K.L.:
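Just passing along the structure, written as structure tokens.
For the numbers below, each heavy atom of this structure counts, side chains included, while hydrogens, waters and symmetry mates do not. None of the values given here were measured: they were computed from a predicted structure.
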Number of protein chains: 2
Amino acid sequence: MNTRNTKQRQAIFDAIEHHGGHLTADEVYKLVKRRFPRLSLGTVYRNLRVLVEQGSLRELDFGMAVTYFETVKDSHYHIICRVCGSITDAEMPIERRLQSVVAQARNLGGFRIEEHRLDFIGVCASCQSKPKKAGRGARPIKSR
Amino acid sequence: MNTRNTKQRQAIFDAIEHHGGHLTADEVYKLVKRRFPRLSLGTVYRNLRVLVEQGSLRELDFGMAVTYFETVKDSHYHIICRVCGSITDAEMPIERRLQSVVAQARNLGGFRIEEHRLDFIGVCASCQSKPKKAGRGARPIKSR
DNA sequence: CTCCTTGCAAACTATTTGCAATCTG
DNA sequence: CAGATTGCAAATAGTTTGCAAGGAG
């Protein structure tokens with residue numbers, strides 16, 4: 001499948017790159033629709049999938065019913081507020097301290113570990129000061 | 001809300017406890033329906049939520065579109081095969097080696113970390129020997 | 001031209017919910 | 001009995017897909 005370079009696809013990627021953070025398909029749709037009023041949600045979903053397959057985007061699932069997308073340029077862990085649902089990037093290098101844990105796990109039943117996922121769940125500074133604000137994006141975080 | 005002890009609720013919990021592993025709502029439904037043919041999926045979902053609120057069950061989301069449930073008696077990380085979708089418990093104590101990482105993260109922007117989630121993604125021994133088996137439960141794993 | 005891509009609408013899947021009937025304490 | 005819970009069916013929400021028309025290489 002020879003992928004082509006449509007303005008919609010470019011605009012979808014640009015929107016996420018320009019935003020810098022994590023966006024849902026619907027948020028991307030609303031952003032890009034400003035420049036392409038005829039844009040459809042289906043097109044957004046299809047392009048997000050293509051961009052992920054191309055390696056341009058990374059898909060993120062935090063157990064909040066929606067999927068987030070971000071550009072792949074930086075690798076980091078995520079800090080998630082369980083009250084308002086905000087997602088912040090942890091300014092710490094990925095891996096490093098996890099070496100020992102990964103090493104332990106590597107011995108388990110011949111399983112080949114390719115990657116690990118680590119998130120921090122808690123309450124952000126803003127939600128600590130204004131108790132029970134629970135913004136719109138506040139979907140329940142599922143534990144593991 | 002004074003929760004009551006119905007046979008359906010008991011049977012739902014028993015099914016998960018007896019199985020020992022991680023089950024989806026639909027899997028629980030099919031299991032329990034054998035003893036309660038009139039059981040409805042809605043009842044299963046409602047009871048799973050009650051049992052989680054009671055602290056009897058833990059909810060697990062691995063970015064695979066479905067939610068899994070397990071009993072709370074043990075805390076562990078999970079090892080997920082991206083080929084067949086199998087989920088195995090890591091026989092390692094939770095936390096321990098992560099102290100230093102958590103400590104680092106604790107200083108970030110006043111965020112109060114309450115818990116963290118760690119999963120290992122890779123290919124299980126079985127899928128390494130039989131390449132591309134991709135069992136039924138093989139939903140795509142989303143990265144973070 | 002070829003066939004990838006779009007817009008639109010309908011389809012899907014997992015999960016939730018309204019409601020009257022039915023149990024539990 | 002009072003109120004929690006059930007079965008059933010319809011409703012949601014996020015995401016996917018079929019199809020004919022349009023656009024990129």
K.L.:
Could you check A/Lys7 against A/Asp26 and say which one's nearest nucleotide on DNA chain D is further toward the 5' end?
P.N.:
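Final value for this comparison: A/Asp26.
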
K.L.:
Roughly, in whole Å, what's the span from CZ in A/Arg4 to C1' in C/dC4?
P.N.:
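The distance from CZ of A/Arg4 to C1' of C/dC4 comes to 4 Å, rounded to the nearest Å.
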
K.L.:
Would you say A/Glu114's side chain and B/Arg82's backbone share a donor-acceptor pair under 3.5 angstrom?
P.N.:
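Checked: no pair found.
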
K.L.:
Identify the pairs formed between an N or O of the protein and an N or O of nucleotides 18-20 of chain D at a distance under 3.5 Å, and give each distance.
P.N.:
unit_1 : atom_1 : unit_2  : atom_2 : d
D/dG18 : O6     : A/Arg46 : NH1    : 3.2

K.L.:
Is it the case that atom CZ in A/Arg112 sees more than 12 heavy atoms from other parts of the structure closer than 6.0 Å?
P.N.:
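More than 12 within 6.0 Å, yes.
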
K.L.:
Distance check: side-chain N/O of B/Tyr45 vs OP1/OP2 of C/dT16, anything under 4.0 Å?
P.N.:
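Negative; the distance criterion is not met.
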
K.L.:
For A/Arg49 and D/dT17, is the shortest distance between a side-chain N/O and OP1 or OP2 below 4.0 Å?
P.N.:
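Looking at the OP1 and OP2 atoms of D/dT17, one of them is under 4.0 Å from a side-chain N or O of A/Arg49.
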
K.L.:
Between C1' on D/dA4 and CD on B/Gln54, what's the gap in Å once rounded to a whole number?
P.N.:
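After rounding, the reported distance stands at 13 Å.
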
K.L.:
Could you check whether A/Thr24 gets within reach of a base, just the sugar-phosphate, or nothing at all, counting any heavy atom under 4.0 Å?
P.N.:
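If one applies the 4.0 Å heavy-atom cut-off, A/Thr24 turns out to touch nothing in the nucleic acid.
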
K.L.:
Do you know which of B/Val50, B/Thr6, B/Leu31, B/Val28 makes side-chain contact (heavy atoms from CB on, under 4.5 Å) with B/Ile12?
P.N.:
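Exactly one candidate clears the test, B/Val28.
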
K.L.:
Using the ring of each side chain (for Trp, its six-membered ring), is A/Phe62 parallel, tilted or perpendicular to A/His78, with breaks at 30° and 60°?
P.N.:
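If you compare the ring of A/Phe62 with that of A/His78, the planes turn out perpendicular.
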
K.L.:
Please report, rounded to the nearest Å, how far the C1' atom of D/dG23 is from the CG atom of A/Asn2.
P.N.:
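One finds 14 Å between C1' of D/dG23 and CG of A/Asn2, rounded.
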
K.L.:
Indicate if B/Ile141 and B/Tyr68 have the same hydrophobic cluster label, given that clusters are the connected sets of ILVMFWY residues with side-chain heavy-atom separations under 4.5 angstrom.
P.N.:
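Yes, it is one cluster - the side chains of B/Ile141 and B/Tyr68 are joined through contacts under 4.5 Å.
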
K.L.:
Over 60° means perpendicular and under 30° means parallel, so tell me whether A/His116 and A/Tyr77 are parallel, tilted or perpendicular.
P.N.:
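Aromatic pair A/His116/A/Tyr77 classed tilted.
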
K.L.:
Can you check the B/Glu53 CD to D/dA4 C1' distance for me, whole Å?
P.N.:
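The distance from CD of B/Glu53 to C1' of D/dA4 comes to 14 Å, rounded to the nearest Å.
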
K.L.:
Rounded to the nearest angstrom, tell me the gap between atom CG in B/Asn5 and atom P in C/dT22.
P.N.:
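Rounded to the whole Å, the gap is 22 Å.
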
K.L.:
Please check the phosphate of C/dT15 (OP1 and OP2 only) for any side-chain N or O of B/Thr67 closer than 4.0 Å.
P.N.:
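For C/dT15, OP1/OP2 do have a side-chain N/O of B/Thr67 under 4.0 Å.
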
K.L.:
Please tell me which of B/Gln8 and B/Thr43 maps to the more 5' nucleotide of DNA chain C, matching each residue to the nucleotide holding its nearest heavy atom.
P.N.:
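Nearest-nucleotide comparison on DNA chain C picks B/Thr43.
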
K.L.:
Grab the CE-P distance between A/Met64 and D/dA13 for me, whole Å please.
P.N.:
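Computing the A/Met64:CE to D/dA13:P distance gives 17 Å.
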
K.L.:
For DNA chain C, find the residues of residues 30-42 of chain B with a heavy-atom distance under 4.0 Å and give them by number; none if there aren't any.
P.N.:
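Contacts with DNA chain C under 4.0 Å: B/Leu41, B/Gly42.
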
K.L.:
To the nearest angstrom, how far is A/Leu48 atom CG from D/dG14 atom P?
P.N.:
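Nearest whole value for this atom pair: 15 Å.
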
K.L.:
Does D/dT6 have its OP1 or OP2 closer than 4.0 Å to a side-chain nitrogen or oxygen of B/Asn47?
P.N.:
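The answer is yes; a side-chain N or O of B/Asn47 sits under 4.0 Å from OP1 or OP2.
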
K.L.:
Do B/Val66 and B/Leu48 share a hydrophobic cluster (ILVMFWY, side-chain heavy atoms under 4.5 Å, transitive)?
P.N.:
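Shared cluster, no.
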
K.L.:
Between A/Gln10 and A/Asn5, is there a donor-acceptor pair closer than 3.5 Å when you use the side chain of the first and the backbone of the second?
P.N.:
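Absent.
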
K.L.:
Using whole Å, report how far CZ of A/Arg9 lies from P of D/dA24.
P.N.:
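In whole Å, D/dA24 P and A/Arg9 CZ are 12 Å from each other.
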
K.L.:
In Å, rounded to the nearest 0.5 Å, how long is the span from CG of A/Asp89 to NE2 of A/His76?
P.N.:
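These two atoms lie 3.5 Å from each other.
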
K.L.:
Is there a donor-acceptor pair closer than 3.5 Å between any side-chain N or O of A/Arg117 and the backbone N or O of A/Asp61?
P.N.:
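Not a single qualifying donor-acceptor pair exists.
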
